[in-house]
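Whatever order the structure lists ligands and atoms in, that order sets their numbers, starting from 1. Note that this is a predicted model, so its numbers are computed, not measured.
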Amino acid sequence: MANKTALVTGASRGIGRATALALAAAGMNIVLNYAGNEQAAAETAAAIEELGVQVLKVRADVADKAAVEAMVAQATETFGTIDVLVNNAGITRDTLVRRMKEEDWDAVLATNLKGVFLVTQAVVAVMFKQRSGAIINMSSIVGVTGNTGQANYAAAKAGVIGLTKANAKEFAARGITVNAVAPGFIETDMTAVLNDKIKESIISQVPLQRMGRPEEIAAAVVYLASDGARYVTGQVLQVNGGMAM
Ligand code: NAD
């Protein structure tokens, strides 16, 4: 993977940060996309550079087509190729359906599903010319099993699985693989908002009896991005401590 380039969306913190660091540790140059937290993005970029690879920091909302296209143009100008795309950016707006506002639905679908489509569309234009590439989309256990209070999020994450499979078929002839990773409950800012009672209830449903770490999701992404996974496409790799089988 040395000297190749990976674009990771939402890479300033959490799973995206761990993934960008793991791909950098494997020798890849990193396009670090972030939504707005300059300080976190700068800190992550510095940590990536310490690993001896190059990093390009690009602020862009993945749901904004023009911003996404500008980001991909900047990435190819800087590095020439994009070999790996990790569609990681995601948000939650949890509430019960009867209380869910239309904007809660729209915001989650825009970032978590349309964002994956827009970034993929811009990046495959580059990958098609290369006739190679690996795309890894961040789904969720909730997209497989559903979850009370997460209708918008579950619908988006199930949509990501459908999109992954459709794109795997559509891009295969060009040597591009498309897979999804479906994490269980992982210790990040996203789950830090859950109270102790909810966390305990979740852990009681996990055979491995703990939440996962961002690095454990990053390792799955690195595998799917590696040469060892060139015959793997259209798959959903569940990394959830056995919570769903
Ligand atoms: P996080 O909130 O720590 O990080 C999400 C990142 O996405 C942040 O850097 C944020 O700035 C970025 N982002 C949000 N909206 C964006 C936008 N419009 N454009 C660009 N970037 C944007 O969350 P995390 O736990 O690290 O989650 C990463 C991914 O993993 C998400 O897609 C999430 O749905 C998924 N996931 C997380 C868990 C978990 O338990 N933490 C479980 C399953 C799936």
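By the 3.5 Å distance cut-off applied to N or O atoms, Gly16 is not counted among the residues near ligand 1. Considering backbone and side-chain atoms together, Val62 places an N or O closer than 3.5 Å to an N or O of ligand 1. The shortest N/O to N/O separation between Ser12 and ligand 1 falls below 3.5 Å. The shortest N or O to N or O distance between Thr191 and ligand 1 is not below 3.5 Å. Considering backbone and side-chain N/O of Ile91, none are found under 3.5 Å from N/O of ligand 1.
Checked for salt-bridge contact, Lys4 and Asp83 miss the test: no charged N lies under 4.0 Å from a carboxylate O. Ion pair Arg210/Glu187 not flagged as a salt bridge, since none of the NZ, NE, NH1 or NH2 atoms sits closer than 4.0 Å to an Asp/Glu carboxylate oxygen. The existence of a salt bridge linking Arg213 and Glu216 is confirmed by a sub-4.0 Å separation between a basic side-chain nitrogen and an acidic carboxylate oxygen. The existence of a salt bridge linking Glu43 and Arg17 is confirmed by a sub-4.0 Å separation between a basic side-chain nitrogen and an acidic carboxylate oxygen.
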Margin query: With side-chain hydrogen bond (donor to acceptor under 3.5 Å, both in side chains) as the criterion, how do Asp94 and Gln150 come out once you've worked through the C-alpha distance, each side chain's angles and the decisive distance to 0.1 Å?
Written below: CA-CA 5 Å; Asp94 298 350; Gln150 292 198 302; 3.2 Å; yes

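Heavy-atom proximity to Gly90, at under 4.0 Å, picks out these atoms of ligand 1: 5 (C), 7 (O), 14 (C), 31 (C), 32 (O). Every atom of ligand 1 with a heavy atom of Asn33 under 4.0 Å away is listed here by number and element: 20 (C), 21 (N). Within ligand 1, counting atoms from 1 as listed, the ones closer than 4.0 Å to a heavy atom of Thr111 are 15 (N), 16 (C), 18 (N).
The proximity of Thr188 to ligand 1, defined as any non-hydrogen pair under 4.0 Å, is limited to the side chain. Contacts with ligand 1 closer than 4.0 Å are made by heavy atoms of both the backbone and the side chain of Asp61. When non-hydrogen atoms are compared, ligand 1 lies under 4.0 Å from the backbone of Ala60 (N, CA, C, O) but not from its side chain. Here Asn88 has heavy atoms under 4.0 Å from ligand 1 in both its backbone and its side chain.
Less than 4.0 angstrom separates atom 10 (C) of ligand 1 from none of the non-hydrogen atoms of the protein.
The number of heavy-atom neighbours closer than 6.0 Å to CG of Asn3, taken from other residues, nucleotides and ligands shown, is 12 or below.
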